[in-house]
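Lettering of chains follows the sequences in order, A, B, ..., and the numbering in each one begins at 1.
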Amino acid sequence: MGKKNKQFVEEITPMEVDFAQWYTDVILKTDLVDYSPVKGFMAIKPYGYAIWENIQQYMDKRFKETGHKNCYFPLLIPESLLQKEAEHVEGFAPEVAWVTHGGKEELAERLCVRPTSETIICEMYSKWLKSYRDLPFLYNQWCSVVRWEKSTRPFLRTSEFLWQEGHTLHETYEEAQEETLRMLDIYKETAEEVLAMPVVTGQKSEKEKFAGAYATYTMEALMHDGKALQAGTSHNLGKHFTEAFDIAYSDRDGELKNPYHTSWGVSTRLIGGLIMVHGDNRGLVLPPRVAPTQAVIVPIASHKEGVLDKAMEIFSDLKQEIRMELDDRENYSPGWKFNEWEMKGVPVRIEIGPKDIEKGQAVLCRRDTLEKEVVQLDNLKERVQLLLDDIHNNLLYSAKTMRDEKTYYVKNLEEMKELMSTKPGFVKAMWCEERSCEENIKEDTGVTVRCIPFEQEHLGETCAFCGKPAEKVAYFAKAY
RNA sequence: CUGGCUGUGGCGCAGUUUGGUAGCGCGCCAGAAUGGGGUUCUGGAGGUCGCAGGUUCAAUUCCUGUCAGCCAGACCA
């Protein structure tokens with residue numbers, strides 16, 4: 001016995017030793033992704049893709065419940081279109097990939113691979129919108145976009161990533177603003193209720209807002225290493241694009257008007273987030289509501305009479321309501337399987353062997369705490385379902401606790417600098433909202449304004465960093 | 001983009017200093033035993049050393065370039 005022969009996949013670097021390395025180890029060893037021959041582009045393997053599908057499924061449902069419909073817009077955008085909105089080009093041009101040839105012929109106008117689709121979508125909307133009766137436009141697309149990144153990391157920042165982008169048009173500013181915040185709300189609910197990942201929501205500073213937006217709202221999550229991850233954004237684009245693209249409709253009063261516009265997106269970055277928020281030294285800890293496998297059955301002594309039959313019977317019963325796996329591989333010992341499924345983050349493991357069958361019971365082991373319990377087979381399904389909810393709640397609670405422990409108040413720049421070098425995390429402080437101040441802070445500490453949270457508290461009258469009058473509290477952090 | 005490190009069967013590594021066309025462990029395949037926390041034994045298959053040039057009688061080994069990856073930073077969402 002023992003582990004003199006380490007047959008298992010190599011150990012994962014402990015997360016407190018080297019968080020970045022831990023992350024890379026985990027995603028590769030659990031078969032979520034693999035690197036492709038092109039820098040910054042990755043293949044998402046079945047286990048990773050299944051997580052995305054579960055996220056997609058939930059969100060798509062929410063989008064449709066709120067009146068949105070899916071469509072699809074082209075991958076390629078003519079350069080002239082990209083350039084129509086001034087701030088937008090400036091923001092995205094540096095990281096755009098270009099198509100210059102069709103076969104052997106050079107194109108008259110080069111085409112960019114979408115870094116985001118505002119421009120091409122607005123171009124289409126300008127053809128589709130005629131009357132106030134057509135509004136609102138509530139469309140979404142699931143696709144991938146390309147941004148030529150200099151340094152990349154699977155899920156967190158890749159040159160191509162999967163996402164959804166909603167693009168809506170409205171008659172009034174108020175409606176657009178309402179939509180912008182409604183979608184951010186859905187994002188927050190997804191993060192917390194599905195991914196068990198607590199987020200802070202609020203508004204982006206002028207410097208950090210989307211290129212071409214009137215206002216950008218964001219949800220920010222805090223990772224174990226004290227860095228913040230922007231997990232989703234929702235933009236009120238005002239009329240910036242609709243004017244630039246000449247999207248106009250005849251209103252009730254006979255006037256031609258430009259509608260108000262929003263866009264909002266979340267990406268496969270969410271997967272990176274949930275890995276970093278919940279993982280531990282044994283590997284992944286997947287939140288039950290998106291885990292590809294919610295419970296795995298490991299039969300013990302499966303060669304013995306009746307064991308496998310019983311395991312299969314349980315499997316086919318539970319799989320009606322729970323995403324199940326039956327690990328009937330004969331060439332691995334139970335202990336080996338335990339470790340593998342733990343590394344892969346499966347929330348619940350069900351052990352069933354001859355002794356259990358005799359007593360009409362099974363052993364459950366939960367991934368988050370690794371606690372075991374004995375359950376009567378009659379109650380098994382109900383118990384597993386309860387356990388899945390319990391694990392979700394516990395993960396959300398632990399993540400919140402972790403975040404709160406890493407959320408600090410500071411009175412000045414020196415304090416923040418000191419704090420960030422010793423125990424990085426979220427910093428809350430009064431802030432003047434001025435760009436020059438923001439730039440100073442970044443230069444001095446590497447910290448950026450994550451958002452001006454909706455949930456405000458009053459900590460004083462002046463900016464903690466420059467002393468000018470300040471009305472609002474902002475969250476600061478180093479960012480992914 | 002800058003600095004540091006790396007690239008040898010599926011995975012992890014040794015070999016490179018003192019050039020002579022590869023070796024170990026795990027995994028994989030076959031058989032047997034084992035089976036409640038990383039099983040054991042026996043037999044077997046599998047690599048031309050990231051890629052491209054150069055030096056040399058001869059390059060995994062030396063030189064140059066290039067691609068990809070890791071870590072840190074800059075930049076960027």
**Student:** Hey, does Glu342(A) reach any base, or is it just sugar-phosphate, or nothing, if we go heavy atoms under 4.0 Å?
**Tutor:** base

**Student:** Hey, is Asp280(A) close enough to Arg367(A) for a salt bridge, meaning N to O under 4.0 Å?
**Tutor:** yes

**Student:** Contacts to RNA chain B from residues 344-372 of chain A, heavy-atom cutoff under 4.0 Å, which residues?
**Tutor:** Arg349(A), Glu351(A), Gly353(A), Pro354(A), Lys355(A), Asp356(A), Val363(A), Cys365(A), Lys372(A)

**Student:** Pairs in or reaching into residues 414-423 of chain A: which pass side-chain hydrogen bond (donor to acceptor under 3.5 Å, both in side chains), with residues at least two apart or in two chains?
**Tutor:** none

**Student:** In whole angstrom, what separates Lys227(A)'s NZ from rA72(B)'s P?
**Tutor:** 7 Å

**Student:** Please list all pairs passing the salt bridge (Lys or Arg N to Asp or Glu O under 4.0 Å) test where one or both residues lie in residues 373-384 of chain A, with sequence neighbours left out.
**Tutor:** Asp317(A)-Lys381(A), Glu321(A)-Lys381(A), Glu373(A)-Arg383(A)

**Student:** Need to verify one output field. Residue with the more 5' nearest nucleotide on RNA chain B, Ala211(A) or Thr152(A)?
**Tutor:** Thr152(A)

**Student:** For Arg329(A), report the nucleic acid contact type (base, sugar-phosphate, nothing); a contact means any heavy atom under 4.0 Å.
**Tutor:** nothing

**Student:** Using whole Å, what does the distance between atom P of nucleotide rA72(B) and atom CE of Met420(A) come to?
**Tutor:** 17 Å

**Student:** Please write out the pairs of protein N or O atoms and N or O atoms of nucleotides 3-5 of chain B separated by less than 3.5 Å, giving the distance to one decimal.
**Tutor:**
none

**Student:** Can you list the residues that meet the side chain to side chain contact (heavy atoms under 4.5 Å, CB included) rule with Thr448(A), with sequence neighbours excluded?
**Tutor:** Glu208(A), Lys442(A), Arg450(A), Ala479(A)

**Student:** Please convert RNA chain B into dot-bracket. A pair counts if it is Watson-Crick or G-U wobble with both distances under 3.5 Å; crossing pairs go in [ ] and bases paired with another strand get |.
**Tutor:** ((((((((.[[[[.)....(..]]]].((((((.....)))))).....[[[[[..)....]]]]])))))))....

**Student:** So which one's nearest nucleotide on RNA chain B is more toward 5', Glu149(A) or Thr24(A)?
**Tutor:** Thr24(A)

**Student:** Answer with yes or no whether the side chains of Thr13(A) and Asp25(A) bring together a donor and an acceptor at under 3.5 Å.
**Tutor:** yes

**Student:** If you look at every strand shown and take non-hydrogen atoms under 4.0 Å, does Glu330(A) touch a base, only sugar-phosphate, or nothing?
**Tutor:** base

**Student:** Would you measure the distance from the P atom in rC49(B) across to the matching atom in rU61(B) and give it in whole Å?
**Tutor:** 9 Å

**Student:** Using a 4.5 Å cut-off on heavy atoms from C-beta on, say whether the side chain of Arg157(A) contacts that of Arg269(A).
**Tutor:** yes

**Student:** How would you list all residue pairs meeting salt bridge (Lys or Arg N to Asp or Glu O under 4.0 Å) that involve residues 230-243 of chain A, not counting sequence neighbours?
**Tutor:** none

**Student:** Can you pull the side-chain hydrogen bond (donor to acceptor under 3.5 Å, both in side chains) pairs that have at least one residue in residues 352-364 of chain A, sequence neighbours excluded?
**Tutor:** Asp356(A)-Gln361(A)

**Student:** Between residues 33-44 of chain A and RNA chain B, which residues have a heavy-atom gap below 4.0 Å?
**Tutor:** Tyr35(A), Pro37(A), Lys39(A), Gly40(A)

**Student:** Using the C1' atom as the reference point in each nucleotide, state the distance between rU42(B) and rU55(B) in Å, no decimals.
**Tutor:** 49 Å

**Student:** Start with the C-alpha gap between Thr168(A) and Thr262(A), add the side-chain angles, then the distance that decides, and say whether side chain to side chain donor-acceptor pair (under 3.5 Å) holds.
**Tutor:** CA-CA 5 Å; Thr168(A) 68; Thr262(A) 83; 2.5 Å; yes

**Student:** Nearest to the side chain of Trp336(A), heavy atoms from C-beta on, is which of rC28(B), rU39(B), rG35(B)?
**Tutor:** rU39(B)

**Student:** Is the closest basic N to carboxylate O distance between Lys188(A) and Glu192(A) below 4.0 Å?
**Tutor:** yes

**Student:** Tell me which donor-acceptor pairs under 3.5 Å the side chains of residues 87-95 of chain A have, and how far apart each pair is, sequence neighbours excluded?
**Tutor:**
| residue | atom | partner | partner atom | Å |
| --- | --- | --- | --- | --- |
| His88(A) | ND1 | Ala211(A) | O | 3.1 |

**Student:** The test is side chain to side chain donor-acceptor pair (under 3.5 Å); show your working for Asp225(A) and Tyr480(A) and say whether it passes.
**Tutor:** CA-CA 11 Å; Asp225(A) 60 351; Tyr480(A) 267 96; 2.6 Å; yes

**Student:** Which whole-number value in Å describes the distance from Trp22(A) CH2 to rC70(B) P?
**Tutor:** 16 Å

**Student:** So that I can tick it off, tell me whether Glu179(A) and Arg182(A) are bridged by a salt bridge, with the cut-off set at under 4.0 angstrom between side-chain N and carboxylate O.
**Tutor:** yes

**Student:** Using a cut-off of 4.0 Å on non-hydrogen atoms, how would the nucleic acid contact of Gly446(A) be classed: base, sugar-phosphate, or nothing?
**Tutor:** nothing

**Student:** P atom, rG50(B) versus rU8(B): distance in rounded Å?
**Tutor:** 6 Å

**Student:** Name all residues meeting the side-chain hydrogen bond (donor to acceptor under 3.5 Å, both in side chains) criterion together with Thr116(A); count only those two or more places apart in sequence or in a different chain, and write none if there are none.
**Tutor:** Glu118(A)

**Student:** With a non-hydrogen cut-off below 4.0 angstrom, is Arg269(A) in contact with a base, only sugar-phosphate, or nothing?
**Tutor:** nothing

**Student:** Within the structure, does a side-chain N or O atom of Lys337(A) lie under 4.0 Å from either OP1 or OP2 of rG35(B)?
**Tutor:** no

**Student:** NA contact type, Lys478(A), heavy-atom cut-off 4.0 Å: base, sugar-phosphate, or nothing?
**Tutor:** nothing

**Student:** OP1 or OP2 of rC71(B) versus the side-chain N and O atoms of Arg153(A): is any pair under 4.0 Å?
**Tutor:** yes

**Student:** Phe161(A): what forms a ring-ring contact (aromatic ring centres under 6.0 Å, His included) with it, not counting sequence neighbours?
**Tutor:** Trp163(A)

**Student:** When we call it a touch if two heavy atoms are under 4.0 Å apart, what does Ser151(A) touch: a base, just sugar-phosphate, or nothing?
**Tutor:** base

